[in-house]
S.K.: 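Mind having a look at this structure? Questions to follow.
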Amino acid sequence: MSEIQAQIEALRQFHRERDWKQFHNPKDLAISLSLEASEVLELFQWKSPEEIAEFAVTGKQEIQEELADVFNWVLVMCDDLGIDIIKAAQDKLEKNKLKYPVDKAKGRHTKYNKLI
């Protein structure tokens, strides 16, 4: 069993023990994912670049925990919707390689539809 699959099974067990599967629907899972991602943003809100650099070191545990929440909700949502997240991520990277060819995108932050 892969580490990803083991984490998915641990999340299934966690939700089964609490009878939370009844609350799993795509809308509420997407909301939960968005809320957790917002908590990552909140950690950096109002900080100057210097404060962010310091917080990236001193707040690493907080950042790690919020990113773990985001990751876990991604896994739960993918599991409930029957999505293989590793394959989806690989497929998306290949698609992005086509959208952002190195010769046009290297060193630029321009969106793919504006690359010339």
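None of the values given here were measured: they were computed from a predicted structure.
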S.K.: Ignoring hydrogens, what is the shortest heavy-atom contact between Leu29 and Trp73? Give both atom names and the distance.
M.R.: CD2-CZ3, 3.5 Å

S.K.: Before accepting this row, confirm whether a basic side-chain N of the pair Glu94/Lys99 lies closer than 4.0 Å to the acidic partner's carboxylate O.
M.R.: no

S.K.: Are there over 12 heavy-atom neighbours, none belonging to Glu9, within less than 6.0 Å of that residue's CD?
M.R.: yes

S.K.: Rounded at 0.5 Å granularity, tell me how far CD1 in Ile85 sits from CG in Leu75.
M.R.: 7.5 Å

S.K.: Consider side-chain contact (heavy atoms from CB on, under 4.5 Å). Of Asp69, Val70, Val76, Asn72, which one does Leu33 pass it with?
M.R.: Val70

S.K.: Please round to the nearest 0.5 Å and tell me the distance separating atom CD1 of Ile4 and atom SG of Cys78.
M.R.: 9.5 Å

S.K.: Mind listing the closest non-hydrogen atom pair of Glu66 and Leu43 along with its distance?
M.R.: CG-CD1, 3.8 Å

S.K.: So for atom NZ, which belongs to Lys47, do other residues, nucleotides or ligands contribute more than 12 heavy atoms lying within a distance under 6.0 Å?
M.R.: yes

S.K.: Please enumerate all residues that pass salt bridge (charged side-chain N to carboxylate O under 4.0 Å, His left out) together with Asp79, with sequence neighbours excluded.
M.R.: Arg12

S.K.: Could you give the distance from CE (Met1) to CD1 (Ile8), rounded to the nearest 0.5 Å?
M.R.: 9.5 Å

S.K.: Side-chain contact, heavy-atom cut-off 4.5 Å: Lys21 with Arg16?
M.R.: no

S.K.: Under the side chain to side chain contact (heavy atoms under 4.5 Å, CB included) criterion, do Glu62 and Phe55 qualify, and how do the steps go?
M.R.: CA-CA 10 Å; Glu62 285 178 84; Phe55 183 67; 3.7 Å; yes

S.K.: Does the side chain of Asn25 come under 3.5 Å of the side chain of Asp28 through a donor N or O and an acceptor N or O?
M.R.: yes

S.K.: Any idea which heavy atoms bring Met77 and Ala30 closest together, and the distance?
M.R.: CE-CB, 3.7 Å

S.K.: When hydrophobic residues are tied together by side-chain contacts of less than 4.5 Å, even through go-betweens, does Leu35 share a cluster with Leu11?
M.R.: no

S.K.: Of all heavy-atom pairs between Ala88 and Ile83, which one has the smallest distance, and what is that distance?
M.R.: CB-CG2, 4.2 Å

S.K.: Given 3.5 Å as the limit, does a donor-acceptor pair link the side chain of Gln13 with the main chain of Ala10, or not?
M.R.: no

S.K.: If hydrophobic clusters are built from ILVMFWY residues whose side chains come within less than 4.5 Å, do Leu81 and Val74 share one?
M.R.: yes

S.K.: Counting only heavy atoms not in Gln45, do more than 12 sit closer than 6.0 Å to its CD atom?
M.R.: yes

S.K.: Could you list who else is in Phe23's hydrophobic cluster, with ILVMFWY side chains joined at under 4.5 Å, directly or through other members?
M.R.: Phe14, Trp20

S.K.: With sequence neighbours excluded, tell me which residues meet side chain to side chain donor-acceptor pair (under 3.5 Å) with Lys87.
M.R.: Asp91

S.K.: With rounding to the nearest 0.5 angstrom, report the OG1 to OH distance, Thr110 to Tyr100.
M.R.: 9.0 Å

S.K.: Tell me whether Ile31 shares a hydrophobic cluster with Leu41, the cluster being built from Ile, Leu, Val, Met, Phe, Trp, Tyr side chains joined at under 4.5 Å.
M.R.: no

S.K.: Please report the closest heavy-atom contact between Ala105 and Leu115, naming both atoms and the distance.
M.R.: CB-CD1, 4.0 Å

S.K.: Using 0.5 Å steps for rounding, measure from the CG atom of Asp80 to the NE2 atom of His15.
M.R.: 8.5 Å

S.K.: Could you measure the distance from the OH atom of Tyr112 to the NZ atom of Lys95? Nearest 0.5 Å is fine.
M.R.: 8.0 Å

